[in-house]
Number of protein chains: 2
Amino acid sequence: MAIRATDQIIHKAAWLYYTHGLRQDEVAKQLGISRASVAMYLRKARDTGIVTISTSTQLFSQDVLAREVEDAFGLDTVWVVSPERDGPDAAAEVPVVAASVFLELVERGQRIGVAWGRTVYSMADVMPFADLQDVTVVQLCGNLGAPYSYRPDQCTMEIARRLNAKGLNFYAPLVLSSERLARELRDEPVIREQLASVADCDLALYSIGTVDEDSHVVKCGAMSPSEVHALRDNGAAGVVAGQMIDRHGTLLDCDYNRRIISADLNSIRAIRRRMVVIQEDSKLEPLLAALAGGLCSHLVITAEMARRLLARAAKPSVRASA
Amino acid sequence: MAIRATDQIIHKAAWLYYTHGLRQDEVAKQLGISRASVAMYLRKARDTGIVTISTSTQLFSQDVLAREVEDAFGLDTVWVVSPERDGPDAAAEVPVVAASVFLELVERGQRIGVAWGRTVYSMADVMPFADLQDVTVVQLCGNLGAPYSYRPDQCTMEIARRLNAKGLNFYAPLVLSSERLARELRDEPVIREQLASVADCDLALYSIGTVDEDSHVVKCGAMSPSEVHALRDNGAAGVVAGQMIDRHGTLLDCDYNRRIISADLNSIRAIRRRMVVIQEDSKLEPLLAALAGGLCSHLVITAEMARRLLARAAKPSVRASA
DNA sequence: GGGATCGATTGACTTTTGTCAGCCTCAGTG
DNA sequence: CACTGAGGCTGACAAAAGTCAATCGATCCC
């Protein structure tokens with residue numbers, strides 16, 4: 001097809017502007033038309049694909065995935081860890097990336113809430129040392145004997161130590177044997193104050209647990225495998241700071257949750273930056289639950305998890321601009 | 001490190017600005033930085049190929065002259081650069097057009113052969129940045145000290161760098177002092193392999209040299225003015241990848257050609273897309289020779305050269321359709 | 001520990017670009 | 001031949017982007 005005269009001038013304007021980098025007034029002068037027309041032609045050139053502007057997809061594939069996840073779930077920032085050729089697998093790299101991301105998010109004078117779990121423990125292990133005076137690291141939930149390298153309180157302290165921050169531990173068990181005891185303990189001033197202060201945190205850090213026999217809560221002895229199965233049948237989709245959430249990310253109404261000493265989910269939601277770190281690609285459902293419940297604003301995941309999330313994105317819409 | 005924080009923010013700024021169409025101040029607000037920084041990041045994104053802006057070269061291929069040349073010489077596609085009033089002259093514009101055309105022809109996973117010469121050097125200088133992973137740029141012929149801005153190997157590397165592709169250099173001289181030495185060098189496994197791999201290229205890029213005292217081969221010191229004259233008297237009509245061809249586009253049987261380390265003309269003919277770029281209108285005879293020898297399938301020339309070619313078209317027949 | 005240095009970042013200012021009401025041209029019509 | 005209406009073009013203004021000197025902060029080296 002022969003080029004149409006009107007297309008011809010659009011092409012010329014686009015060429016001079018984008019390829020040669022002339023200004024619109026220079027283009028206008030050269031084509032003998034007004035600058036306003038040039039602006040119009042350039043818009044048309046972009047709209048019709050004569051000029052294409054694209055963000056790189058190969059070199060920054062993990063960044064592209066990250067942006068897409070942000071858009072799909074309305075998150076603040078997402079970091080995607082891609083497997084490196086000849087390197088450790090992506091899952092193993094997640095805590096390393098998460099630790100440096102975490103450091104970048106922390107600022108002077110802030111209060112940071114951390115839960116505990118295998119992923120957070122791994123992060124503590126690789127957390128770089130930094131000098132963040134006036135920072136307070138508080139534990140988000142009660143303690144338990146843990147089958148890992150640190151006890152929960154040690155984990156908090158280790159992170160605080162590496163940041164040269166103040167560590168504030170939670171001197172209560174995560175789970176108690178009766179609802180009554182849990183309620184009474186939550187009413188103790190020292191505990192109540194700590195729980196109330198959670199909403200004042202500037203940043204929270206946690207992972208999301210699964211609801212099966214391999215779950216962290218089971219391994220720590222907070223719950224038996226059969227209890228977990230029962231809860232799962234009752235709609236438990238994930239574990240956040242020791243508490244069971246359903247697939248909408250709301251607190252499950254169950255006996256177990258009533259026996260827990262941990263930060264209230266609404267307090268957690270009130271924290272501006274809620275950083276969730278997920279290593280295992282099998283945690284798709286728990287993560288979706290947490291996302292649905294608004295429990296996450298910053299997310300560190302593997303590329304594989306990013307793809308799975310996108311495949312399940314409720315509405316792949318573009319985030320509305322302000 | 002897997003993720004560089006500075007690249008991350010540049011990519012995110014580019015994503016929000018170019019993909020989402022936010023204004024710079026909106027991007028700045030969302031990233032918590034100043035608008036000036038956003039402007040800087042966006043510049044960096046454009047400069048490094050995180051964002052690519054490409055303009056269609058239709059303007060140059062949808063031209064009556066281009067069609068006529070295609071038909072007259074049975075070429076795949078021809079791009080014709082017309083002189084613009086107040087603009088750079090057509091010859092100066094040729095490398096710019098050629099660089100854009102070249103980018104449009106390259107696809108993921110391909111192997112590209114490039115020769116060197118003043119025109120190819122000019123193209124490297126104006127080659128836009130792009131993100132073409134899995135592309136390999138190989139040098140088609142040996143090296144020489146060059147009187148231009150790049151050395152031959154630097155030229156290949158510069159093109160590879162801008163395309164974010166892998167550059168594969170040719171570590172041998174273009175011309176040797178004896179036929180024996182050239183033959184032995186060609187038999188070296190490392191050289192032999194590279195020469196053999198030329199036929200596997202998906203795209204080749206070169207210009208055609210003249211056979212006179214101003215020739216590229218003379219300026220690079222590959223040959224003395226008197227040698228050139230002698231070769232011309234013996235039927236040399238042009239230079240392709242350092243080699244002398246006669247007016248039928250076949251390799252000239254001469255001592256010089258036997259002392260050369262360069263891609264075999266038959267290997268070059270085996271490449272599906274052979275892109276020839278000609279700036280100087282004086283290169284009519286060399287170009288006709290290359291066309292006669294089937295050494296060209298895609299051609300970028302000036303309007304003046306197009307007219308000269310048409311005046312000399314052997315058979316002004318209609319190109320056979322598929 | 002303090003001072004020097006270098007690069008990144010920003011606020012303030014300038015230049016460039018986007019927009020749109022109104023104007024101008026031209027083809028079609030009575 | 002004057003009238004009409006549509007479409008494209010422009011001038012002038014508003015909005016956005018580019019630029020740069022000053023500043024901030026991190027790092028390195030005595």
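These numbers were taken from a predicted model, which means no experiment stands behind them. Residue numbering restarts at 1 for every chain, and letters A, B, ... go by the order of the sequence lines.
The interatomic distance linking A:Ile10 (CD1) with D:dG8 (P) rounds to 10 Å, in whole Å. Counting to the nearest Å, the P atom of C:dT16 and the CG atom of A:Leu22 are 12 Å from each other. Nucleotide C:dG18 holds its P atom 15 Å from the NZ atom of A:Lys44, rounded to whole Å. With rounding to whole Å, A:Gln24 atom CD is found 13 Å from D:dA15 atom C1'. Taking atom CG of residue A:Leu42 and atom P of nucleotide D:dA16, one finds them 18 Å apart after rounding to whole Å. In this structure, the CG atom of A:Leu31 is 15 Å from the C1' atom of D:dT10, given to the nearest Å. One interatomic measurement links the two molecules: CE of A:Met40 to C1' of D:dG8, which rounds to 7 Å at whole-angstrom precision. Atom pair B:Asp25:CG and C:dA12:P shows a separation of 16 Å (rounding to whole Å applied).
A:Trp15 and B:Phe60 have their aromatic ring centers within a separation under 6.0 angstrom.
Classification of B:Glu26 and B:Lys29 as a salt-bridged pair fails, no side-chain N sitting under 4.0 Å from a carboxylate O.
Between B:Ala39 and A:Ile33, the residue anchored nearer the 5' end of DNA chain D, judged by the nucleotide with its closest heavy atom, is A:Ile33. Toward the 5' end of DNA chain C, the nearer of the two residues A:Arg43 and A:Arg23, judged by each one's closest nucleotide, is A:Arg23.
Using cut-offs of 30° and 60° on the angle between ring planes, the pair B:His298 and B:Trp79 is parallel.
At least one side-chain heavy atom of A:Gln30 sits less than 4.5 Å from a side-chain heavy atom of A:Leu22.
Nucleic acid contact class of A:Arg35 (heavy atoms, under 4.0 Å, all strands): base.
Contact annotation: A:Tyr41 side-chain N/O to D:dG8 OP1/OP2 distance is not under 4.0 Å. In this structure, B:Ser37 reaches the C:dT10 phosphate: one of its side-chain N or O atoms is under 4.0 Å from OP1 or OP2.
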